[in-house]
Amino acid sequence: MLYSLKNVSKIISTPQEEIRILNSVNFFIEKGEMLAVLGASGSGKSTFLNILAGLDNPSSGEVFFEDKNIHALQEKEKNFLRNKEMGFVFQFHHLLPEFTTAENVAMQAIISGMKKSEALKKAYELLEMVELSHRAKHLVTTLSGGEKQRAAIARAVLLSPKVLLADEPTGNLDFKTGEQIMQVLTNLNKEKRMTLVMVTHNREIANQMQRVVELKSGAFHEQKMY
């Protein structure tokens, strides 16, 4: 198993009520699988993804990444885990406008200590994989929405993480471009055996994954299994 959640609850208190996003959940994610977490807006999908990343803490229970209890780690250890073992793709690509596409893809690796020449070499290889090598030297401000998202995916996987956590990666894209992004993601899973966990409200997008669960009323409901 890559992830195992044991009796995990997440409760958010407001002046009016307590909202149970996760309610004593036991849940597993296998290495190499493609999992979609489906849910309506406000169901807690992004909060769940943040818990997997160690960016948010459960109210109770334990979350294990392989043999590590994520939320028992020191912040420095969490940061190391996120930088080396996890990749992130968001609805908004968060690229740096003053840099080229290749420089954006290489940036995290350079910050992590990789030599710039090596990071750029890997960036070009990944841009080839996501069919964006012809835009490598262009400023990202000149890219289309779909091209920016492909660049963001390349950046997320440059350090060969064990899992790619994707939060509505096609949410701002038209249908055709969204389909292209899904093809890139599924190719990464097949070619690199990279675990993919994606949260989405779009059932058609979710059904392209191997396994689909719906987050509803604090519990996961299996919709599709391989």
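All figures in this text were calculated on a predicted structure; none of them were measured in a lab.
- Going from atom CD of E62 over to atom NZ of K6 covers 6.5 Å, rounded to the nearest 0.5 Å.
- Using cut-offs of 30° and 60° for the angle between ring planes, the F90 and F88 rings count as parallel.
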> Please walk me through it: do L159 and Q108 pass side-chain contact (heavy atoms from CB on, under 4.5 Å)?
Replying inline: CA-CA 8 Å; L159 291 174; Q108 183 181 347; 4.1 Å; yes
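- One finds the CE atom of M34 at 9.0 Å from the CG atom of L185 (value rounded to the nearest 0.5 Å).
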>> Would F175 and T170 count as a side-chain contact (heavy atoms from CB on, under 4.5 Å) here? Give the steps.
In response: CA-CA 8 Å; F175 177 79; T170 64; over 6 Å; no
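- Residues P58 and H71 have side chains in contact (heavy-atom distance under 4.5 Å, counting atoms from C-beta outward).
- Note that the CD atom of E66 and the NZ atom of K31 stand 4.0 Å from one another [nearest 0.5 Å].
- Residues M107 and M114 are members of separate hydrophobic clusters, defined by side-chain heavy-atom contacts under 4.5 angstrom among Ile, Leu, Val, Met, Phe, Trp and Tyr.
- For the 3.5 Å distance criterion, the side chains of S46 and D167 qualify, holding a donor opposite an acceptor.
- The side-chain heavy atoms of I11 and I21, taken from C-beta on, include no pair separated by under 4.5 Å.
- Under 4.0 Å is where a charged nitrogen must lie from a carboxylate oxygen, and between E33 and R211 at least one such pair does.
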>> Using side-chain contact (heavy atoms from CB on, under 4.5 Å), reason through V140 and E103 one step at a time and then give a plain yes or no.
In response: CA-CA 10 Å; V140 292; E103 288 168 340; over 6 Å; no
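- For the pair V130 and A154, the tightest heavy-atom approach, listed with the atom from each and the gap, is CG2-CB, 4.4 Å.
- Side chain of E168 to main chain of H201: a donor-acceptor pair is present (N/O by atom type, distance under 3.5 Å, no hydrogens or angles).
- Between the CG atom of L127 and the OG atom of S133 there is a distance of 7.0 Å, given to the nearest 0.5 Å.
- For K10 and F48, the positive end is not near the middle of the six-membered ring at less than 6.0 Å and at most 45° from its axis.
- Both M198 and V157 are members of a single hydrophobic cluster when ILVMFWY side chains are connected at heavy-atom separations under 4.5 Å.
- L2 and F64 fall into different hydrophobic clusters, where Ile, Leu, Val, Met, Phe, Trp and Tyr residues are linked whenever their side-chain heavy atoms come under 4.5 Å apart, directly or through other members.
- At most 12 heavy atoms of other shown residues, nucleotides or ligands fall within 6.0 angstrom of atom NZ in K192.
- Under a 4.0 Å N-O distance rule, the pair E77/K68 does not qualify as a salt bridge.
- If you take CD on Q149 and OG1 on T177, they are separated by 10.5 Å, rounding to the nearest 0.5 Å.
- The side-chain heavy atoms of M209 and L35, taken from C-beta on, include no pair separated by under 4.5 Å.
- Distance check: L55 CG to T47 OG1 gives 11.0 Å after rounding to the nearest 0.5 Å.
- Remark: the backbone N or O of V163 is not paired with any side-chain donor or acceptor of T195 at under 3.5 angstrom.
- In this structure, Q208 and E179 have side chains that are in contact, with non-hydrogen atoms separated by less than 4.5 Å.
- When every heavy atom of G54 is checked against every heavy atom of I70, the shortest pair comes out as CA-CG2, 3.7 Å.
- Listed here is the closest heavy atom pair of A166 and P169: CB-CG, 3.9 Å.
- Contact between I110 and A119 at its shortest, heavy atoms only, is CG1-CB, 3.7 Å.
- Residue-environment remark: CD (E125) exceeds the threshold of 12 foreign heavy atoms within 6.0 Å.
- Considering only heavy atoms from C-beta on, V213 stays 4.5 Å or farther from L38 through its side chain.
- Counting heavy atoms of neighbouring residues, nucleotides and ligands inside a 6.0 Å radius, atom CD of E131 does not exceed 12 of them.
- The side-chain heavy atoms of L52 and L5, taken from C-beta on, include a pair separated by under 4.5 Å.
- Nearest heavy atom pair, residue P97 against residue T141, reads CB-CG2, 3.6 Å.
- Across A156 and P161, no two heavy atoms sit closer than the pair O-CG, 3.5 Å.
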> Should I51 and L22 be marked as a side-chain contact (heavy atoms from CB on, under 4.5 Å) after you check the CA-CA gap, both sets of side-chain angles, and the distance that decides it?
Replying inline: CA-CA 11 Å; I51 287 172; L22 297 175; 4.0 Å; yes
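- Taking the centre of each ring, Y3 and F65 come in below the 6.0 Å mark.
- The existence of a salt bridge linking R82 and E75 is confirmed by a sub-4.0 Å separation between a basic side-chain nitrogen and an acidic carboxylate oxygen.
- The hydrophobic cluster containing I153 also contains M182, counting ILVMFWY residues as joined when their side-chain heavy atoms lie under 4.5 angstrom apart, directly or transitively.
- Note on L164: it clusters hydrophobically with M129, by side-chain heavy-atom contacts below 4.5 Å among ILVMFWY residues.
- For the pair V89/L165, no side-chain contact is recorded, criterion being any heavy-atom separation below 4.5 Å from C-beta on.
- For Q74, the CD atom counts as loosely surrounded, since its 6.0 Å shell holds 12 or fewer non-hydrogen atoms of other residues, nucleotides or ligands.
- Of the possible donor and acceptor atoms, one in the side chain of N104 sits under 3.5 Å from a partner among the backbone N and O of L96.
- Contact check for M194 versus N189: no side-chain heavy atoms found under the 4.5 Å cut-off.
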